[in-house]
Amino acid sequence: MQFSETVLKRRMVRNFTDAPVSDEDLRKILELALHAPSAGFSQGWSYVVVRDEERRREVGRIQGEEGYADRFGNFISKAPVNIVACTSDQVYHRRYQEPDKIKDDGTEIDWPTPYWFFDIGAAAMIIMLAAVDLGYAAAFTGTFDPKGMKQYLGIPDEYHPVGVISIGKPAKDVKSPSLKRGRRPQEQVVHFEKW
Ligand SMILES: Cc1cc2nc3c(=O)[nH]c(=O)nc-3n(C[C@H](O)[C@H](O)[C@H](O)COP(=O)(O)O)c2cc1C
């Protein structure tokens, strides 16, 4: 698939068939995610891949799946693969205390932006695009109960589960009402030379 076709084809699909994601495809998707950029090459991401049916149901429950069910059905637990995307600010703090990153006065940089969230977003985008490129669809849902998710999956203290990327073969889905907002055109979003 051409890159632009993959990008244009990607959208949040909130329904999946029962068809599995092959081990080989899952491995490819996760391998590509490792090529995301990261501040200071910190790579502070980690993933918990949930494929077991009962565990998917529990991940769906933690994600508040019942709140989506009326409109979209149980698309999170239905997806054959759920990737819980985590990030650790501590990895970045440690990295930026290394000699090539630490300031001359021996202190850590003043973070202009929490790069650990930027980086997991970039990696999540690769995961979603890779899934589409391989003929799957993906949906991202934010984790509003990070404590519950951590406890259930045994995620270490310093990692924060940002959200779940559900992947599977696309089934006929309901479009999110948010899409009625329409896509903002370049003229509104892009400023050349000066805002
Ligand atoms: C950071 C982020 C959080 C999101 N959280 C949710 C969510 O919790 N539940 C959900 O159904 N969709 C969620 N979405 C999907 C957006 O609603 C969706 O990307 C947007 O409506 C545009 O649609 P498209 O991705 O199909 O182009 C999220 C997307 C992003 C980038």
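If you're wondering where the values come from, they're calculated on a predicted model, not measured in any experiment. Indexing begins at 1, ligand by ligand and atom by atom, following the structure's order.
Using a cutoff of 4.0 Å between basic side-chain nitrogens and carboxylate oxygens, Asp52 and Arg57 are not scored as salt-bridged.
Within a 4.0 Å radius of atom 31 (C) of ligand 1, the protein contributes no heavy atom. Within the 4.0 angstrom cut-off, atom 20 (C) of ligand 1 has no protein heavy-atom neighbours.
Among the atoms of Gly142, some N or O lies under 3.5 angstrom from an N or O of ligand 1. Backbone and side-chain nitrogen or oxygen atoms of Leu179 are examined, and none is located within less than 3.5 angstrom of a nitrogen or oxygen of ligand 1. By the 3.5 Å distance cut-off applied to N or O atoms, Ser178 is not counted among the residues near ligand 1. Among the atoms of Thr141, none of the N or O lies under 3.5 angstrom from an N or O of ligand 1.
For Gln97, the CD atom sits in a packed shell: over 12 heavy atoms of surrounding residues, nucleotides or ligands are nearer than 6.0 Å. Asp18 CG: 12 or fewer foreign heavy atoms inside a 6.0 Å radius. Around OH of Tyr47, the count of heavy atoms belonging to other residues, nucleotides or ligands within 6.0 Å exceeds 12.
Atoms of ligand 1 lying under 4.0 Å from any heavy atom of Arg11, numbered from 1 in the order shown and given with element: 26 (O). Distances below 4.0 Å separate heavy atoms of Arg183 from the following atoms of ligand 1: 27 (O).
The closest approach between Arg10 and ligand 1 falls below 4.0 Å for a heavy atom of the residue.
Taking only non-hydrogen atoms, the option from Lys175, Arg14, Gln63 nearest to atom 10 (C) of ligand 1 is Arg14.
A cation-pi contact, defined as under 6.0 Å to the ring centre and within 45° of the axis, links Lys169 to Tyr136.
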Steps toward ring-ring contact (aromatic ring centres under 6.0 Å, His included) verdict (Tyr115, Tyr92): CA-CA 8 Å; Tyr115 285 150; Tyr92 289 76; 7.9 Å; no
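Formation of a donor-acceptor pair under 3.5 Å by the Ser38 side chain with backbone atoms of Asp119 is not found in this model. For the pair Gln63 (side chain) and Ile76 (backbone), a donor-acceptor distance under 3.5 Å is absent.
Considering only non-hydrogen protein atoms, atom 9 (N) of ligand 1 sits nearest to Tyr68 OH, 2.8 Å. Residue, atom and distance of the protein heavy atom nearest to atom 1 (C) of ligand 1 are Phe140 CE2, 4.0 Å. With respect to atom 18 (C) of ligand 1, the closest heavy atom belonging to the protein is Met12 CG, 3.7 Å.
A donor-acceptor pair shorter than 3.5 Å can be found between the side chains of Asn15 and Lys78.
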